[in-house]
Amino acid sequence: MAVLQHYYTSSPRNIDGTSGWGVKAESPGIAPDDSEKLSKLTWYEIPINQGSSPIETHPISLRYLPWDAIRCSLACCQSSEDSYNRPIYFGHSLLLSQDDFQYFPPIQFWRHSFWKTVDPSSAVEIPPLPYFDLQPSFELELLWPFLEADGDRRRHMILGLLDCFLQEKGRRILILDDIDNVALWIMALSFSLPAEFRKSLSFATYHPDPRQTPFRVTGV
């Protein structure tokens, strides 16, 4: 399955000829309903207490969601600036196969250099990727010092997080922590599950309205 790409942001020219918020570009082959779903999944707002801070300090939101038995989306939503230096956001999404995460869980593409925060070109089409061959940017080795940094407390907490995930089916799990720590908690949970189950772990490292999302685990 080819990997289809999708950009959602505020642009002077979108694929439908309008300006402002919309789909700036996408790969041929994305159906209109799928394009609309990707746009909704990349909605982002700056936290209220960070509105005037530099965009580099705003939380990055990596979001993974299985769509059906085969397809899934992986997206990165980040603060950006338009040509007038006004704060906006940029959502870069991939529509791909769950089998693409057979070896590396989606969270391992946290802070990957692949994710775009701006697209200065006027192109409205993004070439599909023939296959998903990104190497992970978030290494498993980072997890062990994180879990051991607070005595046994974090190791007990990951057991509780795993128990909540397995026992409370369908219930949303909110993680209140530093944004990079949220990513580490999700990685710990991912690697606590059998490989086949990791593909079903939907998450968003940050979302402005965590109680109104389709993600099972959300960072706050």
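- Between the CG atom in N181 and the CD1 atom in I175 there is a gap of 10.0 Å [rounded to 0.5 Å].
- Remark: aromatic rings of Y89 and W43 are distant, center separation not under 6.0 Å.
- When side chains are defined from C-beta on, E125 counts as touching P28, because their heavy atoms get closer than 4.5 Å.
- When all heavy atoms of V23 and Y8 are compared, the closest pair comes out as N-CD1, 3.9 Å.
- Here the side chains of H112 and L62 are not in contact, with every heavy-atom distance at 4.5 Å or above.
- Summarising the geometry, atom CD1 belonging to I88 is positioned 5.5 Å from atom CH2 belonging to W21; distances are rounded to the nearest 0.5 Å.
- Taken from NZ in K37 to CD1 in I30, the straight-line distance is 13.0 Å, to the nearest 0.5 Å.
- No more than 12 heavy-atom neighbours from other residues, nucleotides or ligands sit within 6.0 angstrom of CD on E196.
- Side-chain atoms of L41 and R63, non-hydrogen and from C-beta on, never get closer than 4.5 Å to each other.
- One side chain, H92 or Q5, offers a donor N or O that lies under 3.5 Å from an acceptor on the other.
- Between F132 and F101, the distance from one ring center to the other falls under 6.0 angstrom.
- Atom CG of L166 has more than 12 neighbouring heavy atoms from other residues, nucleotides or ligands inside a 6.0 Å radius.
- The two residues S137 and W110 make their nearest non-hydrogen contact at OG-O, 2.7 Å.
- Separating the OG atom in S73 from the CH2 atom in W67 is a distance of 5.5 Å, to the nearest 0.5 Å.
- A salt bridge links R155 and D152; the closest N-O separation between the charged side-chain nitrogens and carboxylate oxygens is under 4.0 Å.
- Here the closest non-hydrogen pair linking T117 and F90 is O-CB, 3.3 Å.
- Ring centroid separation for the pair Y44 and Y206 comes in under the 6.0 Å cut-off.
- With a 4.5 Å cut-off on side-chain heavy atoms, E26 and L38 do not count as touching.
- Smallest separation of non-hydrogen atoms from Q108 and L140: NE2-N, 3.8 Å.
- Looking at P59 and P47, their side chains come closer than 4.5 Å, going by heavy atoms from C-beta outward.
- Within 6.0 Å of CZ on F197 lie no more than 12 heavy atoms contributed by other residues, nucleotides or ligands.
- Heavy-atom minimum distance, S80 versus V118: OG-CB, 4.4 Å.
- Closest approach of A25 and I15 over heavy atoms only: CA-CG2, 3.7 Å.
- Atom CZ of R153 sits about 15.5 Å away from atom CD of E148, to the nearest 0.5 Å.
- Atom-to-atom distance recorded for N14:CG and S19:OG is 7.0 Å, nearest 0.5 angstrom.
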